Amino acid sequence: MHLSGLFIYPVKSLRGCAAETLEIDHLGLRGDRRFMVVDETGRFLTQRTLPTMALIETALSPAALVLSHSHHGSITVSCLSDASTQPATVSVWSSSGLIAEDCGEDTAAWLSAALGRPCRLVRAGASFHRPINTPPPARPDDVVSFADAYPFLAIGESSLSELNDRLVARGEEPVPMNRFRPNLVFAGTPPFAEDHGSRFRIGNVIFRSAGPCARCIVTTTDQDTAERSPEPLRTLATYRRDPRDSTQINFGQNLVHETKSGSLRLGDRVEIID
C-alpha cells in the first residue's frame with residue numbers, strides 16, 4: 001500500500017493542486033485550505049451553494065496565491081501573514097469567532113465578479129486558531145485549517161474503481177477522483193481499505209482515523225464545468241450508507257496527524273499500524 005496521490009486545496013472549495021511532495025505543519029498539509037471565501041457576514045461559502053467556485057483555479061508558491069478564471073483573468077494574493085492587515089471574524093460550520101486576515105478590496109472585487117455575488121477572501125494568519133471540535137474526542141494540540149472538520153481526507157484508488165464499476169453497470173459515466181477532493185490517495189489496497197484501521201503511518205508521519213467522511217452535493221459537481229447531476233451520490237447511496245445513520249453516505253476516511261511536522265511524497269509506504 002502506497003501513496004499515489006497528494007493534493008492541496010489552497011482556497012476552500014476552489015480547485016485544488018496536485019503535488020509530488022508536501023510538508024506538514026500543525027494545521028495539516030502546508031498550504032491546504034489556508035484561504036477561504038466568505039460572505040458579507042464572514043460566513044464561509046462553498047460549492048454546496050456556489051458550484052461555480054469549481055471554475056476558479058489556484059496556484060501556490062511559498063509567498064503567493066494566484067487565482068485564475070477563464071473569463072476574469074487572474075489575481076495574485078500574498079500568502080504571508082501580516083499583522084497590519086484588517087482582521088476578519090469568520091465562521092466555518094460550528095466553528096465561530098475565528099480570527100482571520102482580510103485579503104483586501106482588490107481581491108474581494110475580483111472574486112465577487114468571478115462568482116457573481118458579493119464576497120471576500122480571508123487568510124489564516126498568525127492569530128488564527130481553530131481546535132478540532134467534532135467527534136471522536138480530539139487532543140489539545142489537534143487543530144485544523146478552514147477544512148470542513150479534519151486536516152486530512154484519504155481515499156483508495158480501488159474504492160473509486162469499485163464505484164465506477166457500479167456506475168458503468170447502471171449506464172452512467174465514471175467519475176474522476178477530483179469529485180471527492182481528497183488530500184491523500186492510496187494505491188495497492190482492496191476497496192475501502194482506508195476504512196479499516198485506527199492508526200496509519202505514511203512515510204515518517206503518524207495519523208489516526210477520525211471516522212468516515214459523509215458526502216454531500218459537491219460530489220455531484222463536475223469540477224471542470226460546474227455542472228451537476230445526480231451521480232455519483234445516487235449510486236453511493238445504494239451501498240455506502242452509514243449503518244449508524246442512514247441519512248449519511250460515506251466515501252473516504254478523515255484523518256488527524258499525530259506527527260505535527262514532517263513531509264509526505266508520492267510513493268511513500270502506507271501502513272495500518274492499529
Side-chain angles (χ1 to χ4, degrees), residues 1-37 46-47 53-69 74-81 103 121 123-124 128 143-161 175-189 194 200-207 210 213 218-219 221 223-224 251-271:
M1 182 160 55
H2 66 276
L3 192 63
S4 62
L6 191 55
F7 301 92
I8 59 170
Y9 307 87
V11 184
K12 182 180 181 66
S13 240
L14 303 190
R15 282 191 189 173
C17 309
E20 294 188 359
T21 182
L22 287 170
E23 298 298 313
I24 283 177
D25 62 17
H26 65 297
L27 291 174
L29 287 171
R30 190 167 294 165
D32 185 52
R33 297 174 173 95
R34 306 303 167 92
F35 292 83
M36 182 171 68
V37 183
T46 76
Q47 289 185 37
M53 293 179 77
L55 302 181
I56 301 179
E57 298 181 15
T58 62
L60 192 66
S61 72
L65 166 74
V66 179
L67 305 180
S68 304
H69 190 284
S74 63
I75 191 167
T76 300
V77 185
S78 175
C79 289
L80 304 178
S81 180
C103 294
L121 187 70
R123 176 179 57 227
F128 179 81
V143 293
V144 64
S145 64
F146 292 128
D148 275 353
Y150 299 103
F152 294 87
L153 173 63
I155 298 176
E157 286 184 358
S158 59
S159 304
L160 178 63
S161 293
V175 297
M177 186 64 83
N178 66 11
R179 290 290 188 95
F180 302 98
R181 301 173 66 82
N183 298 110
L184 312 175
V185 178
F186 299 163
T189 71
E194 62 272 18
F200 296 79
R201 178 185 288 111
I202 306 175
N204 61 3
V205 181
I206 303 295
F207 298 84
C213 181
V218 173
T219 62
T221 306
Q223 295 296 296
D224 294 323
F251 192 80
Q253 192 72 192
N254 294 305
L255 301 177
V256 176
H257 54 313
E258 295 182 359
T259 308
K260 301 302 184 185
S261 65
S263 61
L264 298 175
R265 56 186 51 84
L266 295 183
D268 276 350
R269 183 180 179 188
V270 179
E271 297 178 81

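This structure is a prediction, so every number in the text was calculated from the model and none was measured.
Interatomic distance, CG of L160 versus CZ of F180, reported as 6.0 Å (0.5 Å rounding). With values rounded to the nearest 0.5 angstrom, Q253 atom CD is found 10.0 Å from S159 atom OG. Note that the OG atom of S74 and the CG atom of L65 stand 10.5 Å from one another [nearest 0.5 Å]. Here the CZ atom belonging to F7 is positioned 8.0 Å from the CG atom belonging to N178, to the nearest 0.5 angstrom. Put simply, NZ on K260 and CG on L27 are 9.5 Å apart, with the number rounded to the nearest 0.5 Å. Distance check, rounded to the nearest 0.5 Å: CG of D32 to CG of L22 gives 8.5 Å.
Smallest separation of non-hydrogen atoms from F186 and S4: C-OG, 3.8 Å. Here the closest heavy-atom approach between residue S158 and residue T189 is recorded as OG-O, 2.8 Å. Contact detail for N204 and S263: the closest heavy-atom pair is OD1-O, 3.2 Å. Here the shortest heavy-atom pairing between V205 and G262 reads CG2-CA, 4.4 Å. Summarising the geometry of V144 relative to Y150, their closest heavy-atom pair is CG2-C, 3.5 Å, with the distance given to 0.1 Å. Between S81 and R123, the closest heavy-atom pair is CA-NE, 4.3 Å.
With sequence neighbours left out, the side-chain hydrogen bond (donor to acceptor under 3.5 Å, both in side chains) criterion links R33 to no other residue. Partners of R179 under the side chain to side chain contact (heavy atoms under 4.5 Å, CB included) rule, at least two apart in sequence or in another chain, are V175, P176, D222, P232. Every residue two or more places apart in sequence or in another chain that forms a side-chain hydrogen bond (donor to acceptor under 3.5 Å, both in side chains) with Q47 is listed here: Q223. Every residue was checked against the side-chain hydrogen bond (donor to acceptor under 3.5 Å, both in side chains) condition with Y9, not counting sequence neighbours, and none meets it. For F207, the ring pair (Phe, Tyr, Trp, His ring centres under 6.0 Å) criterion is met by F152, not counting sequence neighbours. Under the ring pair (Phe, Tyr, Trp, His ring centres under 6.0 Å) criterion, F128 pairs with F146, not counting sequence neighbours.
Put simply, the side chain of E194 gets close to the backbone of G156: a donor and an acceptor are under 3.5 Å apart. Judged by distance alone, with hydrogens and angles left aside, the side-chain atoms of T58 form a donor-acceptor pair with the main-chain N or O of R15 at under 3.5 Å. Checking side-chain atoms of H257 against main-chain N and O of H26 turns up a donor-acceptor pair under 3.5 Å.
The side chain to side chain contact (heavy atoms under 4.5 Å, CB included) with L184 is formed by just one residue from the set D268, L153, L3; it is L3. Partner L264 forms a side chain to side chain contact (heavy atoms under 4.5 Å, CB included) with one of T21, N183, I202 and no other, that one being I202.
Using a 4.5 Å heavy-atom threshold, the side chains of L6 and R265 count as separate. Residues F251 and T219 have side chains not in contact (no heavy-atom distance under 4.5 Å, counting atoms from C-beta outward). Counting heavy atoms from C-beta outward, R34 and D25 have side chains that approach closer than 4.5 Å. Looking at heavy atoms from C-beta onward, S13 lies out of side-chain contact with V37 at the 4.5 angstrom threshold. The shortest side-chain heavy-atom distance between D148 and K12 falls under the 4.5 Å cut-off.
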Derivation of the side chain to side chain contact (heavy atoms under 4.5 Å, CB included) call for L29 and I24: CA-CA 5 Å; L29 287 171; I24 283 177; 4.0 Å; yes
